[in-house]
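Notes for the one structure printed next.
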Amino acid sequence: MSAERKPAVDGPRSSESETRADATPPSRSQPLGMTPLPAASDARTENANAEGTAWLGTVLGLAAWTMFFASLAFAVGWYRMREPWPTLPVSLLGLSLTGLLLLVGSAVLHLGLRRRESPWPARGALLLGLGFLALQAMWTHQAWWTEHVRIPEGGVSASAFHGLTALHALHVLVVTFNLFLVCWRHTRGADVRASLRRHVLGWHFVTAMWVLLFVAVYLP
Amino acid sequence: MSTSVEEKSQPSSDTPTSTSTSARTLALPEDASVDGHRIDALLGWSHRFEAGMAALALGWMVVAVWRFRGSKRAASDGGTKRSRAWVLGLALSTFLVVDGALLVGSEGYLRDVLWNLDVPAKDPRTVRIEINAHQWSWEARYAGEDGRFNTPDDVVTWNDLRVPAGVPVWVQLVSTDVVHGFSLPNFRVKLDAIPGRVNQTWFRAAREGAWEVACYQHCGTSHYRMRGELRALSAEAYAAWLREAGRQAVQAYDVDDSAAHWGWEWKAP
Amino acid sequence: MSLLSLDHKAVARRYLWSGLGFLLLGGLLALAIRWQWAWPGRSVPGLAWALPESHGALTPPTYTAVFTMHGLVMIFFAVTPLLFGALGHFVLPLAIGARGLAFPRLSALGYWVYALGGVLMLASFAVRLGPASAGWTAYPPLSTSAFTPGLGQTLVTVAVLCAGTSAFTYGLNFVVTVARCRAPGMTWGRLPLTVWGLFFASVLNVVFVPVLAAATVLLLMDRLLGTQFFIAGAAAVGGGGDPVVYQHLFWLFGHPEVYILILPAWGMVGDLVAFFSRKPAHGYRLTAGAMGTVSALSGLVYAHHLFTSGMSPLLGRTFMVLTLLISLPAEVMFLNWLMTLWRGSVRLTSPMLAALATMVVFGLGGITGLALGAVATDVPLHGTLWVVGHFHLTMGAASFLGLFAGLYFWFPKMFGRALHEGLAKVHVLSSAVLFLGVFGGQLAAGYAGQLRRLYDPYQYTYLKHLLPLNQWTTVCAFLLGAAQVVFVVNLVWTLRRGRAAEANPWQVGTLEWTCASSPPGEGNFTQVPVVLRGPHALSQPEVLEQLGRDWIGQAEVLPGVAREGAGEEALATVSTVRSVT
Ligand code: HEM
Ligand SMILES: [Cu+2]
Ligand SMILES: [Cu+2]
């Protein structure tokens with residue numbers, strides 16, 4: 001309600017503004033002419049505002065999308081309650097170490113955000129993401145070909161292992177690709193701090209979802 | 001009046017129809033069960049509430065529009081504390097009365113009938129039937145004289161259920177293809193047949209007669225033809241039928257026809 | 001405005017035309033179903049070109065495809081996109097004094113994803129074995145490839161995923177827009193109820209569409225990759241999964257979805273009833289709170305769709321109680337609407353008539369749902385046309401009439417032209433009466449036991465006597481279809497040569513009518529308005545006294561007040577653009 005308390009700004013009274021409203025469409029980034037609004041008075045705050053909005057959108061979007069993984073986990077939880085869940089013939093240690101790459105990436109990115117200028121944390125994370133994907137591919141490959149954990153023969157547990165691993169990997173792929181785009185724009189001289197901050201959220205998200213995946217599917 | 005395993009693919013030829021289906025459009029299907037009247041009575045109550053609520057809401061609306069249409073002055077407030085309290089109070093009391101009645105009435109039926117499998121479990125006369133729903137027919141299995149399922153004297157029928165009147169009939173239900181819905185409209189019975197699980201319910205026929213079994217879950221192209229018949233017989237007629245059908249079943253028993261041995265050990269409730 | 005424009009009003013218009021197109025398609029499919037029940041197996045007039053082999057008569061396989069596609073088209077491609085895509089996109093930023101949505105590119109993208117889904121839907125009609133046919137609920141195993149082979153079912157599943165994606169994007173967009181882009185002074189307590197309705201529905205969209213996505217993705221994997229998530233019984237390999245998991249996930253989305261379809265209409269009814277009673281809404285906070293409570297509860301009641309699935313008694317009882325509970329806030333809201341009419345000065349304009357009609361059909365729809373919420377009474381009614389009548393009254397008729405209330409109300413703002421009031425009223429009234437005829441007939445048939453989705457209900461002896469009733473219902477349905485011609489004529493005629501709309505034809509104070517031109521230009525407002533009061537400041541004595549009218553803009557300064565409070569409220573420059581056009 002602070003708006004009501006604003007100091008008067010002189011300008012023509014409303015009834016006098018005879019211009020059609022759409023005659024001079026004010027662009028978003030310009031100051032708004034005769035009645036500058038505090039929130040939009042200069043390009044800097046305007047920018048900060050847009051950044052805040054984008055950040056909030058990312059946070060809420062990712063938070064809501066958690067429901068997707070929660071639903072998958074609900075399904076797997078249901079199957080596990082019905083019947084004993086076979087132990088995976090894939091090394092749990094290997095799987096955890098693979099997930100560790102995401103966790104390390106999270107940490108690197110988080111710390112990297114503090115040291116603004118260096119492009120290396122993001123590039124490092126990019127490598128970690130690719131490494132994660134490669135290792136996950138290796139584990140599923142091994143499970144399929146060496147251990148004969150297959151679809152459809154393996155039933156619902158094999159379906160969950162391969163299917164959910166793939167769905168999660170797809171998310172990691174998207175996040176990694178976005179990170180790649182950010183790095184690329186950075187090398188071309190763009191200011192990417194804000195967008196990096198958002199994409200790091202994506203990274204934290206897939207990391208958290210990996211933990212969920214691990215608990216729901218990989219643990220015996 | 002004998003349906004044996006040999007003729008199982010054809011429904012019996014004498015077409016029983018609901019003996020006296022009420023021709024009144026606005027009525028529930030005729031109730032032929034011992035316990036269904038409780039549901040019907042509860043529905044009757046719920047209709048009274050519905051009518052009352054509809055009359056109140058619509059009447060109020062009509063009167064308001066009638067009385068205040070184009071009136072010179074309108075009140076300038078968004079309600080007073082008192083008027084809002086009235087709204088809350090009215091909503092709350094309607095809710096307590098209507099929803100309360102439904103809840104309590106429903107709960108009684110659930111406790112005594114729908115979820116009370118003690119009745120069929122304790123009654124020595126109970127008839128147990130295993131039903132396997134298919135695209136698009138109802139295959140029913142009776143234990144036969146030995147009282148055990150999946151034995152040579154099991155009686156298997158297609159789209160043809162027979163039960164003694166007045167006795168608990170305990171149904172366990174499966175499906176091996178898609179989800180079906182086992183309903184006996186005249187007995188207020190409805191239960192999903194879902195692959196991978198055994199569902200169960202029970203009912204009692206109030207009198208002898210012939211009624212219909214209907215599938216209420218969309219189960220493919222010929223869903224609408226997944227119709228069966230249910231006959232309630234006198235205890236003697238039922239026993240005679242079961243004895244004769246069981247005798248024929250033993251003769252026709254084929255050990256190697258494993259597809260025919262889909263029965264299961266009766267599940268405890 | 002070009003097809004690539006990112007402006008929220010341009011996106012809204014795209015959704016409007018596509019949505020109306022799909023509404024027509026869905027309506028025609030509904031008529032085909034109705035025809036089949038009145039004259040089973042007889043050639044449907046005008047369908048011979050599509051079904052040459054049967055001379056236009058529906059066969060059992062086509063019939064299953066018809067009702068499946070009707071449901072999916074109506075929910076995902078007609079009503080939701082019209083309520084959110086068209087009205088929501090158009091109104092929401094204007095009503096909160098924003099220059100646009102928070103994420104313009106996301107909203108445009110959302111439309112194109114929806115359009116892609118629409119194309120897939122249409123394409124599915126052309127593939128071998130036809131479109132989807134497993135019901136809009138698409139329960140497995142029926143919806144897996146073992147029982148519904150064919151590309152159509154897959155295409156449609158992907159199309160639903162597309163519609164869901166677009167719903168997720170505009171849901172997110174709306175939530176963030178309301179949270180971040182309100183004009184100065186537009187506090188939460190000053191939002192029009194329409195915005196509240198859209199806001200809550202958007203929250204439901206972002207929270208529950210991902211659940212649908214999960215169920216659908218797992219189903220697609222079962223269809224395409226051979227996974228076993230929802231397969232059990234003879235078709236299962238290696239132990240199989242459980243079809244019931246799908247049912248839970250589907251309805252965990254599906255029940256909130258029915259509130260997603262009705263919340264925007266609730267909001268609009270709340271506003272319109274106040275506007276056209278010339279009086280502030282009764283219990284604004286209670287109404288908004290009630291909508292919020294319903295939204296909060298909506299995810300906790302879903303298993304009432306599964307009362308007959310063999311749920312454990314504990315779950316059954318829990319969901320029965322929760323379901324009955326949700327009727328309390330709905331009653332509060334309804335009573336508030338009635339109280340708003342009381343002591344007002346009621347004006348029966350076309351939007352008001354539509355709003356009142358929405359109240360009637362929604363009221364009846366809600367009332368007929370009570371018996372479905374209690375397990376015992378649900379047993380005879382579950383899976384019958386009673387359910388179909390109930391949900392059509394609420395999310396069919398009420399959403400439809402709410403949609404038209406909004407369309408008639410905002411049309412002048414969208415297109416700068418005024419629809420013909422007389423035709424609009426005829427359309428609203430005839431639709432309302434015929435809706436009651438159609439869905440009342442379905443309720444009656446369902447009560448008498450008619451099961452839904454039956455190609456030929458009269459296979460059953462106990463349903464034979466319902467034929468005349470069904471014929472009457474079908475006649476009503478065809479008349480209802482014919483009544484829509486009135487709307488189309490009005491629309492086409494108005495767009496061609498309708499008179500220019502006045503600046504504020506309904507004499508209300510919300511921002512879109514008082515601070516923007518019709519249609520609003522890019523950026524919506526010449527200056528961002530500074531909001532001073534709530535949306536329903538009608539019949540206020542001081543306004544009547546000073547301005548000689550019974551309304552005042554949400555951002556309009558009362559001259560007297562400005563004089564007194566000199567510096568205080570003087571960011572007064574904000575215009576009521578009444579003077580502008
Ligand atoms: C315009 C007039 C309408 C008529 C005459 C109509 C008629 C019908 C009929 C006869 C059925 C078949 C019921 C069954 O056997 O399952 C049906 C199903 C359905 N309708 Fe409508 N409908 C209309 C509008 C709508 C609207 C506006 C919506 C959605 C918002 C809608 C959503 C559905 C759904 C979800 C189904 C279930 C489909 C299924 O069984 O898979 N309908 N409708
Ligand atoms: Cu069936
Ligand atoms: Cu529901």
Side-chain angles (χ1 to χ4, degrees), chain B residues 17-18 21 23 25-29 39 42-43 46 50 53-54 57 60-61 64-65 68-71 74-76 78-79 83-84 87 90-91 94-95 99 102-103 106 109-110 115 175-179 181 185 188 190-192 194-196 199 212 214 216 218-222 224-225 227, chain C residues 60-61 64 135 139 141-142 147 232-234 240 242-244 278-284 286 308-310 313 324 327-328 331-332 335-336 338-339 341-346 363 367 371 374-377 379-380 382-383 444 448-449 451 453-456 459-462 465 469 539-541:
Chain B
T17 56
S18 320
T21 300
T25 306
L26 285 175
L28 287 164
I39 292 186
L42 191 57
L43 265 175
S46 89
E50 284 155 15
M53 290 168 77
W60 185 337
M61 194 173 117
V65 171
F68 297 104
R69 177 152 177 220
S71 59
S76 61
S83 73
R84 286 193 292 270
V87 163
L90 190 56
T94 318
F95 169 76
D99 295 50
L102 275 173
L103 187 69
S106 184
Y109 183 79
L110 301 181
W115 291 334
S175 162
T176 45
D177 42 39
V178 302
V179 177
R188 312 296 183 252
K190 244 176 217 147
L191 189 66
D192 288 1
I194 304 176
N199 275 343
E212 288 169 300
Y216 67 87
H218 173 46
C219 56
T221 314
S222 296
Y224 71 108
R225 295 183 56 182
R227 169 183 180 278
Chain C
T64 54
Y139 277 7
L142 181 62
F147 300 100
D242 194 342
V244 179
R278 314 306 299 167
K279 153 175 191 286
H282 185 271
Y284 169 93
L286 271 183
T308 64
S309 72
L324 292 175
S327 64
L328 180 59
E331 280 167 31
V332 170
L335 288 173
N336 269 335
L338 289 174
M339 289 294 279
L341 290 170
W342 205 256
R343 297 194 302 133
S345 169
V346 177
I367 287 172
V375 178
T377 41
V379 168
H382 181 78
L451 300 168
R453 298 171 169 177
L454 293 183
Y455 171 73
D456 182 358
Q459 287 273 322
Y460 290 102
T461 317
Y462 82 104
H465 68 289
L469 170 67
S539 299
Q540 302 301 306

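Within every chain, numbering begins at 1; the chains are lettered A, B, ... in the order of the sequence lines, protein sequences first and strands thereafter.
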Partner chain B: residue of [options] with the largest heavy-atom pair count (under 4.5 Å):
{"options": "C/A374, C/P380, C/G344", "result": "C/G344"}
{"options": "C/S539, C/G363, C/A371", "result": "C/S539"}
{"options": "C/S345, C/G240, C/A232", "result": "C/S345"}
{"options": "C/L341, C/T64, C/N336, C/I367", "result": "C/I367"}
{"options": "C/A376, C/G283, C/G383", "result": "C/A376"}

Mind ranking [options] by heavy-atom pairs under 4.5 Å with chain C and telling me who comes out on top?
{"options": "B/S175, B/G70, B/G196", "answer": "B/G70"}
{"options": "B/R225, B/H218, B/R69, B/R188", "answer": "B/H218"}
{"options": "B/C219, B/S106, B/G181, B/P185", "answer": "B/S106"}
{"options": "B/S222, B/A54, B/A57, B/S71", "answer": "B/S71"}

Contacting region of [X] [heavy-atom separation from chain B under 4.5 Å]:
{"X": "C/L286", "result": "side chain"}
{"X": "C/Y455", "result": "both"}
{"X": "C/F147", "result": "side chain"}
{"X": "C/D242", "result": "side chain"}

pair [X]-[Y]: side-chain heavy atoms closer than 4.5 Å:
{"X": "B/L110", "Y": "C/P313", "result": "no"}
{"X": "C/V379", "Y": "B/Y109", "result": "no"}
{"X": "B/P195", "Y": "B/V179", "result": "yes"}
{"X": "B/Y224", "Y": "C/P60", "result": "yes"}
{"X": "B/V87", "Y": "C/V332", "result": "yes"}
{"X": "C/Q459", "Y": "C/L454", "result": "no"}

Residue [X] versus chain C: region with a heavy atom under 4.5 Å:
{"X": "B/S46", "result": "side chain"}
{"X": "B/L191", "result": "both"}
{"X": "B/D192", "result": "both"}

[X] [atom1] to [Y] [atom2] distance, which is reported to the nearest 0.5 Å:
{"X": "C/H282", "Y": "C/L338", "atom1": "NE2", "atom2": "CG", "value": "10.5 Å"}
{"X": "C/T308", "Y": "C/H382", "atom1": "OG1", "atom2": "NE2", "value": "3.5 Å"}
{"X": "C/L335", "Y": "C/W342", "atom1": "CG", "atom2": "CH2", "value": "13.0 Å"}

Legend entry - Main-chain N/O of C/S309 paired to B/N199 side chain as donor or acceptor, under 3.5 Å: yes

